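Data first, discussion second: the structure below is written as structure tokens.
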Amino acid sequence: MSDPLFAIKQAIDFVEENLQDEIVVADMASAAGYSLFHFVRTFNKVVHHTPYDYLMRRRLSEAADALVSSDRRIIDIALEYCFHSSEVFSRAFKRMFGIQPSQYRTGGFVDPRFAFSPKTLPYLQHINRGDFLAPALIQRDAVTVMGLMTRVAEGRQDIQQLWDSPGMEISNLAELSRYGITTYPGDWVEKGAFYLAAVAMNATDIAGHTLVTRTFPAGDYAAFKHEGSLEDLAYTRDFIYQSWLPKSGRRLAYPLEIECYGENKEDNTPNQVLISIESL
Amino acid sequence: MEPVISQKSEMKLVGMSFFGDPFDTSDTWTEENQIGRLWQRFMGYLQQNANAIKHTAAEKAMYEVHIYHPETFEKGLFEIFVGVRVEQLEAVPVDLLVKNLPASEYAVFTLAGEQIASDWEMIIENWLARESYRRNHPFSYQYYDERFKGLENITESFLDVYLPIEKIEDRSSKK
């Protein structure tokens, strides 16, 4: 029997080729070479979405892109992605993005955190590796941290430089818990998100003047274990925002993301990612 | 795996059902799929209400029926029904449903061991594509009797799958 991940990837590729065609879940099953029932079972297990939900989220995400990258009429975009009326399209769109298509267009950009990206084989391999997908829901007290901040447009090279920077003037750095805190300003898609490489501050710690101090709010957080490499972190993040959050009955409370590093100071891969959440 | 073709008369089942994607766990956050939860709901009900179902057939067997609707092909949503066979209907409580399975010829596939957890529907589809039969009703059912030892003992288990069929007289007219 073929590897289920490869079979499911066939169905995913089929979806990508037919986003504007009237395909049904039974066609996705044929593309995978599975019976419909076995396909539905396997797809849910591997992708953590129902096949129909996957198809709808992909169509809506492409439609969202068309809304901001073109000035075609909304009804034309709706029809192009197989939504048979603007009412049906608006309802589905609002369910996924929280706002009407026209408001989304006014906003003027697609936030890649929340648009549903086509899932790749490395992504599927990553999320099927461990049990990190079910987060621990925790309450945290406010934490004050200090460290160095930069904008990260792409890649994480800049982040490693922060940790190694002579500006990181903390006398007992090696003894402190390390965090990486990402915040998302309104222009982050163009200019990058802010990343603060920081340690939890203690009154007794001696710090230099180059450091930024910030306090992160008390509240509810969802904590996801990260297993795998630094490159895989993007997949963990995709899963959190595109798959877990929309189905969790919760939303982001603050637009920030906390990476926690392990005890081993040589290890530059975070082992946990936290997002700040509240009930809908 | 070759099926046995057998004629069966009409059957009345009493039980419970689920409609939706059986493997969508997003609203529950449990590992258990909806079919497992349906069985638990039904068995729990039987325990609490031992005499709720009257005229139960003299067999130690239970049925799991998969019913295909238009939304099955479009969205992957199935109706799953689990129940027991009764000789006649009497005072069925509001908690329970009745399914009338039609008299028909059935292709009976006996699944052994690991086959039970495999893509056996594909085996059936391939068989249908090969033989001069077609489905004549949009369902199939699984017959669980004492030969089924539970999923944890699947290697020693057997399960019969019944598919209602009719002969295609002229193969060229097959859809």
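The structure displayed is predicted, hence computed values, not measured ones. So you know, we letter chains A, B, ... as the sequences are listed, proteins then strands, and number each from 1.
- Residue A:Tyr254 qualifies as open at atom OH: its count of foreign heavy atoms under 6.0 Å is 12 or below.
- The heavy-atom pair separating A:Ser35 from B:Glu121 by the smallest distance is OG-CB, 3.2 Å.
- In this structure, chain A has a heavy atom under 4.5 Å from the side chain of B:Phe78, while its backbone stays farther away.
- With rounding to the nearest 0.5 Å, the separation of OG1 in B:Thr72 from CG in A:Leu36 is 7.0 Å.
- Ring orientation note: the planes of A:Phe37 and B:His66 are tilted relative to one another, at an angle of 30° to 60°.
- Side-chain rings of B:Phe23 and A:Phe39 stay apart, their centers remaining 6.0 Å or farther from each other.
- Around CG of B:Asn100, the count of heavy atoms belonging to other residues, nucleotides or ligands within 6.0 Å exceeds 12.
- A:Tyr52 approaches B:Glu74 most closely through the heavy-atom pair CD1-O, 4.0 Å.
- The environment of B:Arg147 atom CZ is dense: over 12 non-hydrogen atoms of other residues, nucleotides or ligands sit within 6.0 angstrom.
- Here B:Arg41 pairs with nothing under the salt bridge (Lys or Arg N to Asp or Glu O under 4.0 Å) rule; sequence neighbours left out.
- Rounding to the nearest 0.5 angstrom, the gap separating the NZ atom in A:Lys247 from the CG atom in B:Asp24 is 6.5 Å.
- Heavy-atom neighbours of B:Asn153 CG from other residues, nucleotides or ligands within 6.0 Å: above the threshold of 12.
- Taking CG of B:Asp119 as the reference point, atom OG1 of A:Thr42 lies at 7.0 Å (rounded to 0.5 Å).
- Around CD of B:Gln47, the count of heavy atoms belonging to other residues, nucleotides or ligands within 6.0 Å does not exceed 12.
- Side-chain contact between B:Pro22 and A:Asn44: absent, with no pair of heavy atoms (C-beta onward) separated by less than 4.5 Å.
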